[in-house]
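Let me begin by presenting the structure, written as C-alpha coordinates, before commenting on it.
Chain identifiers are assigned alphabetically (A, B, ...) following the order of the sequence lines, protein sequences preceding nucleic acid strands; residue numbering begins at 1 within each chain.
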Protein chains: 2
Amino acid sequence: MTSDGGRADAPVTEQPLASDAAFLLARANARSLAVAHAALAEFDLRVRSYSVLALAVAEARLSQRHIAEYLRLDPSQVVALVDELQQRGAVAREPDPNDRRAKVVVATAAGRALHAKAERATNAAEREVLGVLDQDDQDRLRDLLYRLAFPD
Amino acid sequence: MTSDGGRADAPVTEQPLASDAAFLLARANARSLAVAHAALAEFDLRVRSYSVLALAVAEARLSQRHIAEYLRLDPSQVVALVDELQQRGAVAREPDPNDRRAKVVVATAAGRALHAKAERATNAAEREVLGVLDQDDQDRLRDLLYRLAFPD
DNA sequence: TATTGTTATACTCTATAACTATA
DNA sequence: TATAGTTATAGAGTATAACAATA
(Lines give C-alpha, C1' and ligand atoms only; values in the text may rest on other atoms or scores of the structure.)
Protein backbone atom coordinates (compact mmCIF):
# COMPACT_ATOMS: atom_id res chain seq x y z
CA MET A 1 0.00 0.00 0.00
CA THR A 2 1.10 3.54 -0.66
CA SER A 3 1.65 6.53 1.55
CA ASP A 4 -0.65 6.79 4.50
CA GLY A 5 0.78 10.06 5.70
CA GLY A 6 -0.64 9.67 9.19
CA ARG A 7 -2.78 12.76 9.33
CA ALA A 8 -3.05 13.95 12.92
CA ASP A 9 -6.40 15.69 12.61
CA ALA A 10 -8.20 12.85 10.82
CA PRO A 11 -9.66 9.98 12.82
CA VAL A 12 -8.27 6.61 11.91
CA THR A 13 -9.92 6.16 8.57
CA GLU A 14 -12.41 3.36 8.54
CA GLN A 15 -12.52 1.26 5.43
CA PRO A 16 -14.35 3.39 2.89
CA LEU A 17 -17.81 2.13 1.90
CA ALA A 18 -17.60 -0.61 4.54
CA SER A 19 -20.69 0.68 6.31
CA ASP A 20 -22.62 0.74 3.02
CA ALA A 21 -24.81 -2.36 2.96
CA ALA A 22 -25.32 -2.03 -0.80
CA PHE A 23 -21.55 -2.16 -1.36
CA LEU A 24 -21.12 -5.13 0.94
CA LEU A 25 -24.03 -6.89 -0.73
CA ALA A 26 -22.51 -6.29 -4.16
CA ARG A 27 -19.06 -7.46 -3.10
CA ALA A 28 -20.36 -10.58 -1.35
CA ASN A 29 -22.54 -11.33 -4.36
CA ALA A 30 -19.62 -10.93 -6.74
CA ARG A 31 -17.69 -13.51 -4.73
CA SER A 32 -20.63 -15.86 -4.58
CA LEU A 33 -21.26 -15.53 -8.32
CA ALA A 34 -17.63 -16.19 -9.22
CA VAL A 35 -17.49 -19.36 -7.13
CA ALA A 36 -20.85 -20.58 -8.43
CA HIS A 37 -19.88 -19.98 -12.04
CA ALA A 38 -16.66 -21.91 -11.53
CA ALA A 39 -18.62 -24.79 -10.02
CA LEU A 40 -21.18 -24.84 -12.85
CA ALA A 41 -18.68 -24.53 -15.70
CA GLU A 42 -18.15 -28.29 -16.00
CA PHE A 43 -21.88 -28.72 -16.68
CA ASP A 44 -21.94 -25.94 -19.30
CA LEU A 45 -24.34 -24.02 -17.10
CA ARG A 46 -24.32 -20.41 -15.94
CA VAL A 47 -25.97 -19.24 -12.75
CA ARG A 48 -28.96 -17.96 -14.72
CA SER A 49 -29.52 -21.13 -16.73
CA TYR A 50 -29.05 -23.22 -13.58
CA SER A 51 -31.69 -21.13 -11.83
CA VAL A 52 -34.19 -21.65 -14.64
CA LEU A 53 -33.43 -25.38 -14.60
CA ALA A 54 -33.94 -25.49 -10.83
CA LEU A 55 -37.37 -23.89 -11.20
CA ALA A 56 -38.26 -26.33 -13.98
CA VAL A 57 -37.25 -29.24 -11.75
CA ALA A 58 -39.44 -27.94 -8.91
CA GLU A 59 -43.06 -29.00 -8.88
CA ALA A 60 -44.37 -25.46 -9.21
CA ARG A 61 -45.06 -25.68 -13.00
CA LEU A 62 -44.20 -22.03 -13.51
CA SER A 63 -44.84 -20.14 -16.73
CA GLN A 64 -42.03 -18.18 -18.30
CA ARG A 65 -43.63 -15.03 -16.96
CA HIS A 66 -43.53 -16.34 -13.43
CA ILE A 67 -39.96 -17.53 -13.85
CA ALA A 68 -39.03 -14.02 -14.96
CA GLU A 69 -40.62 -12.46 -11.88
CA TYR A 70 -39.07 -14.98 -9.53
CA LEU A 71 -35.56 -14.52 -10.91
CA ARG A 72 -35.98 -10.76 -11.44
CA LEU A 73 -35.27 -11.16 -15.14
CA ASP A 74 -37.04 -9.63 -18.10
CA PRO A 75 -39.43 -12.09 -19.82
CA SER A 76 -37.45 -11.68 -23.03
CA GLN A 77 -34.34 -12.98 -21.29
CA VAL A 78 -36.18 -16.07 -20.11
CA VAL A 79 -37.02 -16.91 -23.72
CA ALA A 80 -33.34 -17.27 -24.57
CA LEU A 81 -32.54 -19.23 -21.40
CA VAL A 82 -35.41 -21.68 -21.96
CA ASP A 83 -34.44 -21.97 -25.66
CA GLU A 84 -30.94 -23.02 -24.67
CA LEU A 85 -32.09 -25.55 -22.07
CA GLN A 86 -34.70 -26.93 -24.45
CA GLN A 87 -32.13 -27.40 -27.23
CA ARG A 88 -30.03 -29.36 -24.76
CA GLY A 89 -33.03 -31.54 -23.94
CA ALA A 90 -33.08 -30.45 -20.30
CA VAL A 91 -36.49 -28.76 -20.26
CA ALA A 92 -39.66 -28.72 -22.35
CA ARG A 93 -42.35 -26.10 -22.93
CA GLU A 94 -45.84 -27.43 -22.16
CA PRO A 95 -49.07 -25.60 -22.93
CA ASP A 96 -50.95 -24.30 -19.93
CA PRO A 97 -54.49 -25.71 -20.18
CA ASN A 98 -55.83 -22.73 -18.25
CA ASP A 99 -54.21 -20.09 -20.46
CA ARG A 100 -53.29 -20.88 -24.02
CA ARG A 101 -50.93 -17.90 -24.16
CA ALA A 102 -48.76 -19.26 -21.38
CA LYS A 103 -46.11 -21.97 -21.58
CA VAL A 104 -45.15 -23.99 -18.55
CA VAL A 105 -41.47 -24.92 -18.31
CA VAL A 106 -40.87 -28.45 -17.03
CA ALA A 107 -37.68 -30.47 -16.71
CA THR A 108 -37.08 -33.66 -18.67
CA ALA A 109 -35.54 -36.73 -17.05
CA ALA A 110 -32.20 -35.64 -18.48
CA GLY A 111 -32.78 -32.18 -17.05
CA ARG A 112 -33.46 -33.58 -13.61
CA ALA A 113 -30.27 -35.64 -13.76
CA LEU A 114 -28.28 -32.61 -14.87
CA HIS A 115 -29.80 -30.52 -12.11
CA ALA A 116 -28.99 -33.12 -9.45
CA LYS A 117 -25.31 -33.07 -10.40
CA ALA A 118 -25.18 -29.29 -10.72
CA GLU A 119 -26.95 -28.84 -7.41
CA ARG A 120 -24.27 -30.85 -5.63
CA ALA A 121 -21.63 -28.59 -7.20
CA THR A 122 -23.40 -25.37 -6.24
CA ASN A 123 -23.99 -26.63 -2.71
CA ALA A 124 -20.27 -27.29 -2.39
CA ALA A 125 -19.57 -23.81 -3.76
CA GLU A 126 -21.97 -22.30 -1.26
CA ARG A 127 -20.33 -24.13 1.62
CA GLU A 128 -17.01 -22.67 0.46
CA VAL A 129 -18.33 -19.08 0.41
CA LEU A 130 -20.33 -19.37 3.64
CA GLY A 131 -17.58 -21.31 5.35
CA VAL A 132 -16.30 -18.19 7.09
CA LEU A 133 -19.53 -18.18 9.13
CA ASP A 134 -20.55 -20.76 11.70
CA GLN A 135 -23.81 -22.63 11.21
CA ASP A 136 -25.92 -20.27 13.31
CA ASP A 137 -24.65 -17.23 11.42
CA GLN A 138 -25.30 -18.95 8.09
CA ASP A 139 -28.91 -19.55 9.10
CA ARG A 140 -29.21 -15.98 10.34
CA LEU A 141 -27.82 -14.64 7.06
CA ARG A 142 -30.21 -16.74 4.97
CA ASP A 143 -33.13 -15.46 7.02
CA LEU A 144 -32.08 -11.82 6.67
CA LEU A 145 -31.40 -12.15 2.94
CA TYR A 146 -34.74 -13.85 2.40
CA ARG A 147 -36.52 -10.90 3.98
CA LEU A 148 -34.62 -8.48 1.75
CA ALA A 149 -35.15 -10.58 -1.37
CA PHE A 150 -38.87 -11.14 -0.75
CA PRO A 151 -40.00 -8.04 1.15
CA ASP A 152 -43.70 -8.69 0.55
CA MET B 1 -49.25 -20.03 -9.46
CA THR B 2 -49.58 -22.00 -6.30
CA SER B 3 -48.14 -20.13 -3.38
CA ASP B 4 -48.78 -20.20 0.31
CA GLY B 5 -48.43 -16.45 0.41
CA GLY B 6 -45.30 -16.49 2.54
CA ARG B 7 -46.67 -17.38 5.95
CA ALA B 8 -44.18 -16.48 8.64
CA ASP B 9 -44.11 -20.02 10.02
CA ALA B 10 -43.84 -21.75 6.65
CA PRO B 11 -40.46 -23.33 5.97
CA VAL B 12 -38.84 -21.30 3.23
CA THR B 13 -37.68 -24.47 1.53
CA GLU B 14 -41.15 -24.82 0.05
CA GLN B 15 -40.14 -22.05 -2.33
CA PRO B 16 -37.67 -23.33 -4.93
CA LEU B 17 -34.14 -21.95 -4.53
CA ALA B 18 -35.17 -20.17 -1.33
CA SER B 19 -32.65 -22.12 0.75
CA ASP B 20 -29.90 -21.22 -1.73
CA ALA B 21 -27.94 -18.36 -0.17
CA ALA B 22 -26.40 -17.49 -3.54
CA PHE B 23 -29.85 -17.02 -5.06
CA LEU B 24 -31.06 -14.91 -2.14
CA LEU B 25 -27.87 -12.86 -2.29
CA ALA B 26 -28.35 -12.26 -6.01
CA ARG B 27 -32.03 -11.33 -5.64
CA ALA B 28 -31.40 -9.00 -2.70
CA ASN B 29 -28.51 -7.43 -4.58
CA ALA B 30 -30.64 -6.91 -7.69
CA ARG B 31 -33.17 -5.03 -5.58
CA SER B 32 -30.49 -2.97 -3.87
CA LEU B 33 -28.83 -2.14 -7.21
CA ALA B 34 -32.09 -1.05 -8.81
CA VAL B 35 -32.95 1.29 -5.95
CA ALA B 36 -29.42 2.70 -5.80
CA HIS B 37 -29.31 3.34 -9.54
CA ALA B 38 -32.64 5.15 -9.36
CA ALA B 39 -31.31 7.29 -6.53
CA LEU B 40 -28.06 8.11 -8.37
CA ALA B 41 -29.65 8.84 -11.75
CA GLU B 42 -30.25 12.52 -10.98
CA PHE B 43 -26.50 12.97 -10.41
CA ASP B 44 -25.59 11.16 -13.65
CA LEU B 45 -23.81 8.53 -11.58
CA ARG B 46 -23.98 4.75 -11.69
CA VAL B 47 -23.23 2.55 -8.70
CA ARG B 48 -19.76 1.84 -10.06
CA SER B 49 -18.81 5.46 -10.70
CA TYR B 50 -20.24 6.45 -7.32
CA SER B 51 -18.10 3.79 -5.67
CA VAL B 52 -14.94 5.06 -7.35
CA LEU B 53 -15.85 8.61 -6.36
CA ALA B 54 -16.42 7.50 -2.76
CA LEU B 55 -12.94 5.95 -2.65
CA ALA B 56 -11.44 9.10 -4.14
CA VAL B 57 -13.16 11.20 -1.48
CA ALA B 58 -11.80 8.97 1.29
CA GLU B 59 -8.38 9.79 2.63
CA ALA B 60 -6.88 6.48 1.61
CA ARG B 61 -5.17 7.85 -1.55
CA LEU B 62 -5.66 4.58 -3.41
CA SER B 63 -4.06 3.77 -6.75
CA GLN B 64 -6.25 2.55 -9.59
CA ARG B 65 -4.94 -0.93 -8.93
CA HIS B 66 -6.07 -0.81 -5.33
CA ILE B 67 -9.43 0.62 -6.34
CA ALA B 68 -9.86 -2.30 -8.73
CA GLU B 69 -9.10 -4.83 -6.00
CA TYR B 70 -11.36 -3.13 -3.49
CA LEU B 71 -14.33 -2.96 -5.85
CA ARG B 72 -13.61 -6.37 -7.43
CA LEU B 73 -13.28 -4.76 -10.84
CA ASP B 74 -10.71 -5.36 -13.52
CA PRO B 75 -8.05 -2.61 -13.64
CA SER B 76 -9.05 -1.87 -17.23
CA GLN B 77 -12.57 -1.03 -16.09
CA VAL B 78 -11.25 1.42 -13.53
CA VAL B 79 -9.49 3.32 -16.31
CA ALA B 80 -12.81 4.13 -17.98
CA LEU B 81 -14.54 5.01 -14.71
CA VAL B 82 -11.73 7.37 -13.65
CA ASP B 83 -11.64 8.86 -17.16
CA GLU B 84 -15.32 9.70 -16.91
CA LEU B 85 -15.07 11.21 -13.43
CA GLN B 86 -11.96 13.15 -14.42
CA GLN B 87 -13.67 14.61 -17.50
CA ARG B 88 -16.47 15.77 -15.22
CA GLY B 89 -13.92 17.43 -12.97
CA ALA B 90 -14.82 15.24 -10.00
CA VAL B 91 -11.47 13.47 -9.54
CA ALA B 92 -7.86 13.94 -10.57
CA ARG B 93 -5.01 11.52 -11.17
CA GLU B 94 -1.93 12.35 -9.09
CA PRO B 95 1.46 10.72 -9.50
CA ASP B 96 2.52 8.46 -6.65
CA PRO B 97 5.94 9.73 -5.51
CA ASN B 98 6.83 6.23 -4.34
CA ASP B 99 6.00 4.49 -7.63
CA ARG B 100 6.03 6.41 -10.87
CA ARG B 101 3.94 3.72 -12.54
CA ALA B 102 1.03 4.25 -10.17
CA LYS B 103 -1.58 7.00 -10.23
CA VAL B 104 -3.44 8.00 -7.11
CA VAL B 105 -7.09 8.97 -7.61
CA VAL B 106 -8.18 11.94 -5.50
CA ALA B 107 -11.41 13.91 -5.45
CA THR B 108 -11.59 17.59 -6.38
CA ALA B 109 -13.66 20.06 -4.37
CA ALA B 110 -16.42 19.62 -6.94
CA GLY B 111 -16.10 15.86 -6.59
CA ARG B 112 -16.46 16.08 -2.83
CA ALA B 113 -19.58 18.22 -3.20
CA LEU B 114 -21.05 15.80 -5.75
CA HIS B 115 -20.27 12.87 -3.47
CA ALA B 116 -21.91 14.53 -0.47
CA LYS B 117 -25.16 14.96 -2.38
CA ALA B 118 -25.02 11.48 -3.91
CA GLU B 119 -24.23 9.92 -0.54
CA ARG B 120 -27.39 11.38 0.96
CA ALA B 121 -29.37 9.87 -1.92
CA THR B 122 -27.79 6.43 -1.58
CA ASN B 123 -28.27 6.48 2.18
CA ALA B 124 -31.95 7.17 1.65
CA ALA B 125 -32.09 4.35 -0.89
CA GLU B 126 -30.40 2.00 1.55
CA ARG B 127 -32.87 2.90 4.28
CA GLU B 128 -35.66 2.03 1.85
CA VAL B 129 -34.23 -1.40 1.04
CA LEU B 130 -33.21 -2.26 4.60
CA GLY B 131 -36.41 -0.82 6.00
CA VAL B 132 -37.99 -4.26 6.24
CA LEU B 133 -35.45 -5.08 8.98
CA ASP B 134 -35.32 -3.52 12.42
CA GLN B 135 -32.13 -1.73 13.47
CA ASP B 136 -30.57 -4.74 15.22
CA ASP B 137 -31.13 -6.94 12.18
CA GLN B 138 -29.67 -4.29 9.89
CA ASP B 139 -26.51 -4.21 11.99
CA ARG B 140 -26.40 -8.01 12.07
CA LEU B 141 -26.76 -8.15 8.29
CA ARG B 142 -23.98 -5.62 7.73
CA ASP B 143 -21.69 -7.64 10.00
CA LEU B 144 -22.43 -10.92 8.23
CA LEU B 145 -22.07 -9.39 4.76
CA TYR B 146 -18.80 -7.77 5.73
CA ARG B 147 -17.38 -11.13 6.75
CA LEU B 148 -18.48 -12.64 3.42
CA ALA B 149 -17.21 -9.69 1.40
CA PHE B 150 -13.83 -9.52 3.17
CA PRO B 151 -13.12 -13.11 4.24
CA ASP B 152 -9.43 -12.46 4.92
C1' DT C 1 -57.92 -3.24 -23.75
C1' DA C 2 -54.38 -6.07 -21.29
C1' DT C 3 -51.19 -9.96 -21.05
C1' DT C 4 -47.80 -13.95 -22.75
C1' DG C 5 -44.32 -15.10 -25.39
C1' DT C 6 -41.34 -13.51 -28.81
C1' DT C 7 -38.01 -10.73 -31.71
C1' DA C 8 -35.01 -6.96 -32.14
C1' DT C 9 -31.94 -3.43 -30.57
C1' DA C 10 -28.91 -0.87 -27.73
C1' DC C 11 -26.40 -0.27 -23.81
C1' DT C 12 -23.80 -1.80 -19.62
C1' DC C 13 -20.99 -5.08 -17.40
C1' DT C 14 -17.42 -8.67 -17.36
C1' DA C 15 -13.32 -11.12 -18.85
C1' DT C 16 -9.14 -11.51 -21.45
C1' DA C 17 -5.12 -10.43 -24.03
C1' DA C 18 -1.61 -7.38 -25.41
C1' DC C 19 1.18 -3.12 -25.20
C1' DT C 20 4.16 0.86 -22.57
C1' DA C 21 6.58 2.51 -18.90
C1' DT C 22 8.37 1.66 -14.95
C1' DA C 23 10.03 -1.46 -10.96
C1' DT D 1 10.90 -10.71 -14.77
C1' DA D 2 7.01 -8.58 -12.77
C1' DT D 3 3.66 -4.78 -12.07
C1' DA D 4 0.52 -0.27 -13.09
C1' DG D 5 -1.95 1.71 -16.34
C1' DT D 6 -3.88 1.51 -20.84
C1' DT D 7 -6.19 -0.07 -25.18
C1' DA D 8 -8.94 -3.22 -27.67
C1' DT D 9 -12.31 -6.73 -28.18
C1' DA D 10 -15.70 -10.20 -27.39
C1' DG D 11 -19.17 -12.20 -24.70
C1' DA D 12 -22.63 -11.94 -20.95
C1' DG D 13 -26.08 -9.30 -18.63
C1' DT D 14 -29.78 -5.56 -18.62
C1' DA D 15 -33.45 -2.59 -20.38
C1' DT D 16 -36.80 -1.19 -23.70
C1' DA D 17 -39.96 -1.25 -27.47
C1' DA D 18 -42.79 -3.56 -30.68
C1' DC D 19 -45.63 -7.43 -32.51
C1' DA D 20 -48.93 -11.79 -32.83
C1' DA D 21 -51.85 -14.76 -30.31
C1' DT D 22 -54.84 -14.97 -26.65
C1' DA D 23 -57.39 -13.29 -22.54
**OP:** Could you tell me whether B:Tyr70 and A:Phe23 have their ring centroids closer than 6.0 angstrom?
**Re:**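 Yes, close enough.
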If you check every side-chain atom of [X], which of [options] has the closest atom?
| X | options | value |
| --- | --- | --- |
| B:Val79 | C:dG5, C:dT4, D:dT6 | D:dT6 |
| B:Ser63 | D:dG5, C:dG5, C:dC13 | D:dG5 |
| B:Arg46 | D:dT6, D:dA4, C:dT12 | C:dT12 |
| A:Ala102 | D:dT14, C:dG5, D:dT7 | C:dG5 |

**OP:** By nearest nucleotide on DNA chain D, pick out whichever of A:Arg100 and A:Val47 is the more 5' one.
**Re:**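 Going by which nucleotide is closer to the 5' end, it is A:Val47.
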Could you tell me whether a side-chain N or O of [X] sits under 3.5 Å from a main-chain N or O of [Y], the two making a donor and an acceptor?
| X | Y | answer |
| --- | --- | --- |
| B:Glu126 | A:Asp20 | no |
| B:Glu94 | B:Val104 | no |
| A:Ser63 | A:Lys103 | no |

Under-3.5 Å N/O pairs linking protein and nucleotides 15-21 of chain C:
{"residue": "C:dT16", "atom": "O4", "partner": "B:Ser76", "partner atom": "OG", "Å": "3.0"}

Subject >> Listed partners of B:Tyr146 passing ring-ring contact (aromatic ring centres under 6.0 Å, His included), at least two apart >> reply: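 Partners of B:Tyr146 under the ring-ring contact (aromatic ring centres under 6.0 Å, His included) test: B:Phe150.
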Original post:
Roughly, in whole Å, what's the span from CD in B:Gln64 to P in D:dA4?
Top reply: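 Answer to the nearest Å: 11 Å.
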Original post:
If an axis is fit to five pairs at each end of the helix from C:dT1-D:dA23 to C:dA23-D:dT1, what is the angle between the two, to the nearest 10°?
Top reply: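 Result, rounded to 10 degrees: 10°.
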Subject >> Any A:Arg93 side-chain N or O less than 4.0 Å from OP1/OP2 of C:dT4 >> reply: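 No.
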